[in-house]
A.B. asks: 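The following block contains the structure, expressed as structure tokens.
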Amino acid sequence: MDFEWSVIWQALPELLKGARLTVLIALAGLAGGLVIGFAAGLARAYGNAVLNAIAFAYVELIRGTPIIVQVMFIYFALPILANVRIYPLAAAIMAIIVNAGAYIAEIVRGSFLSVHKGLREAGLALGLPLWKVLLYIIGPLAFRRMIPALGNQFIVSLKDTSLFIVIGVGELTRQGQEIMAANFRAVEIWSAVAMFYLIMTGALTLILRMTEKRMRIL
Amino acid sequence: MSIVEFKKVTKRFGQVTILNEVDLSIEPGEKVVLIGPSGSGKSTLLRCINALEEINGGDLVVDGISVKAGGRMVRLIRQEAGMVFQQFNLFPQMTALENVAFGPRRVRGESRQNAQKLALEMLAKVGLADRAHHYPSELSGGQQQRVAIARALAVKPKLMLFDEPTSALDPELRHEVLRVMQALAEEGMTMIVVTHEMAFARKVGTRLIFMEGGKIAVDGEPRELLANPQNPRLKEFLQHVV
């Protein structure tokens, strides 16, 4: 068969639009996921019994179900349960927040608890409240250890946005699917879509690599 | 008024009783040396004073505040009772200067400038002004422990707790830490020291406490006790450590 480059050139504007939406969903979702993940992870590591139980239930619920089921639930079931209208884009971002949050919670918990216990004692012994010990002493050390695992999660979440094809969000995969349905050029279009994902994850990897290099892992 | 007062303090880890109804009063200015076989409760006794270990029975009052008062009050106790650990526990992401300035800045709420000035004074006091900008990983064990002492002093405590401060150090590095501790004692600091350094006990200590089985077995004047131990278990212990 012939690989028609012109097909890709013609599809480029649509694919770029899709890629922009993919980046937007991933960025908004991961920003929210980091907030939820830190809260749940710290609750697991240092919270009282109640907080710990809530965070544990959340993490297990999300890790124990497929993300596609979570998206379906948010988009189709939640509007019925809560009697609200949820836009596809909002459902997509919400799904990434909730899903990434659970995995990030475990990353946060693990890296905070991996910091030598003596440093926590040294901080407390100076007369600081625990939250300040976590903020100024344990947090900066834990953060360095988190970066490789967080990078993994960022890449997974970025690619998970392709699942939102099922709720009709016009992200990259959806755009590819629609162009393909019109011109039947599967090889060119899916190659181009794959390249777009590679460029995005590649850029992410580069940023993470640079961040890691700038920090001494202690 | 005593600066530290144990009143029938009991501490258990699960089923094991580590401190068994300990009574002990320590007056300002005393230099108490705590010795005893491992597992006798000496480190636990020290760690109860600044509430790193919670007591299970009795009461323990430090500078007029009970360790059972919780929250803010416990933090006040910790500001008055500086602690030095066996493993130094310096903050590895901070330079020596930042380690020492940390307490004044974050605990006492000093400005960055004042905290740094105070930190430099403290580092000079332990003989490490020239190492201010080194990270802990770039310092020897003895230097790290001296920075740790400076860090504790920078919060301006009324008493200092030392938990086997030289046990993790090579013999030739111990004396530099012990010298700093002796200088501190000569300034009049109240000190409680868990150690096996008998020469230090003899030279600097004003009181020697021998612990055994979660109780204070012997409590007296260091030079007398070390020269002529009456208690047979203390006698045996001293034969092993000296």
Side-chain angles (χ1 to χ4, degrees), chain A residues 34 38 41-43 45-52 107-151 207-218, chain B residues 43 46-47 49-54 62 65 70-94 98-109 135-138 144-145 147-149 151-158 160-163 168:
Chain A
L34 277 171
F38 264 86
L42 292 177
Y46 303 103
N48 59 28
V50 180
L51 285 175
N52 195 323
I107 295 170
V108 168
R109 179 175 75 101
S111 50
F112 269 77
L113 292 183
S114 78
V115 175
H116 179 46
K117 162 173 153 283
L119 297 180
R120 182 177 154 193
E121 282 188 348
L124 290 176
L126 289 173
L128 284 178
L130 179 63
W131 72 267
K132 279 193 183 176
V133 174
L134 295 180
L135 181 65
Y136 296 123
I137 301 166
I138 312 296
L141 290 170
F143 184 68
R144 290 158 210 236
R145 297 177 190 190
M146 257 178 240
I147 292 173
L150 278 183
I207 294 169
L208 287 162
R209 183 89 40 90
M210 286 187 330
T211 318
E212 216 171 314
K213 257 201 193 133
R214 288 187 51 181
M215 291 185 167
R216 304 188 310 151
I217 304 286
L218 295 165
Chain B
S43 275
L46 197 72
R47 291 162 57 84
I49 296 172
N50 67 349
L52 283 184
E53 302 291 352
E54 226 173 287
V62 182
I65 307 170
R72 256 183 66 79
M73 295 318 246
V74 163
R75 293 205 290 278
L76 282 179
I77 290 177
R78 287 172 177 161
Q79 291 170 27
E80 300 310 332
M83 188 172 226
V84 174
F85 299 85
Q86 182 176 350
Q87 297 296 341
F88 330 135
N89 294 342
L90 291 180
F91 309 134
Q93 74 271 41
M94 303 180 198
E98 287 164 348
N99 262 281
V100 181
F102 184 83
R105 179 123 172 78
R106 300 296 176 197
V107 181
R108 294 291 192 202
Y135 284 92
S137 58
E138 300 162 346
Q144 287 189 52
Q145 192 62 297
V147 174
I149 293 172
R151 176 178 68 181
L153 289 175
V155 185
K156 303 277 180 203
K158 288 186 184 157
M160 286 284 286
L161 312 172
F162 292 86
D163 191 1

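From a predicted model like this one, the values you see are computed outputs, not experimental measurements. Letters A, B, ... are given to chains in the order of the sequence lines, protein chains preceding strands, and every chain is numbered from 1.
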A.B. asks: With a 4.5 angstrom heavy-atom cut-off, could you sort out which part of B/R151 is near chain A: side chain, backbone, both or neither?
C.D. replies: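 Looking at B/R151, backbone and side chain both touch chain A.
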A.B. asks: The test is side chain to side chain contact (heavy atoms under 4.5 Å, CB included); show your working for B/R78 and A/L128 and say whether it passes.
C.D. replies: CA-CA 8 Å; B/R78 287 172 177 161; A/L128 284 178; over 6 Å; no
A.B. asks: Rounded to the nearest 0.5 Å, what separation is found between the CD atom of B/Q93 and the CG atom of A/L119?
C.D. replies: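 Separation between the atoms: 7.5 Å.
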A.B. asks: So which heavy atom on A/L126 is nearest to which on B/G103, and how close?
C.D. replies: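 The answer is CD1-CA, 4.5 Å.
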A.B. asks: With chain A as the partner, which of B/L76, B/N50, B/L161, B/V107 has the greatest number of non-hydrogen pairs under 4.5 Å?
C.D. replies: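 Highest number of pairs under 4.5 Å: B/V107.
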A.B. asks: Work out which heavy atom in A/G118 is nearest to a heavy atom in B/N89; give both atom names and the distance.
C.D. replies: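 Looks like O-ND2, 3.1 Å.
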A.B. asks: Could you pull out every donor-acceptor pair under 3.5 Å between side chains of residues 129-137 of chain A and any protein atom, sequence neighbours left out?
C.D. replies:
residue: A/Y136; atom: OH; partner: B/R106; partner atom: NH1; Å: 3.3

A.B. asks: Could you tell me which portion of B/F102 (side chain, backbone, both or neither) has an atom closer than 4.5 angstrom to a non-hydrogen atom of chain A?
C.D. replies: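 B/F102 touches chain A through side-chain heavy atoms alone.
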A.B. asks: If every non-hydrogen atom of B/F85 is compared with every non-hydrogen atom of A/A125, which pair is closest and at what distance?
C.D. replies: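 The pair with the smallest heavy-atom distance is CZ-CB, 4.0 Å.
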A.B. asks: For A/S114, enumerate each residue passing the side-chain hydrogen bond (donor to acceptor under 3.5 Å, both in side chains) test, keeping only those at least two apart in sequence or located in another chain.
C.D. replies: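 For A/S114 the side-chain hydrogen bond (donor to acceptor under 3.5 Å, both in side chains) partners, ignoring immediate neighbours, are A/R145.
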A.B. asks: Quick one: what part of B/A148 sits under 4.5 Å from any heavy atom of chain A, side chain, backbone, both or neither?
C.D. replies: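 Neither part; nothing is under 4.5 Å.
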A.B. asks: Using 0.5 Å steps for rounding, measure from the NE2 atom of A/H116 to the CD atom of B/Q87.
C.D. replies: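 Result: 6.5 Å between the selected atoms.
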A.B. asks: Under 4.5 Å from any heavy atom of chain A, what part of B/L90 do you find: side chain, backbone, both or neither?
C.D. replies: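 When you check distances to chain A, only backbone atoms of B/L90 fall under 4.5 Å.
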A.B. asks: Please find the pair of heavy atoms, one from B/Q79 and one from A/G127, that lie closest to each other, and give the distance.
C.D. replies: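 Nearest pair, atom of B/Q79 first, then A/G127: NE2-O, 3.6 Å.
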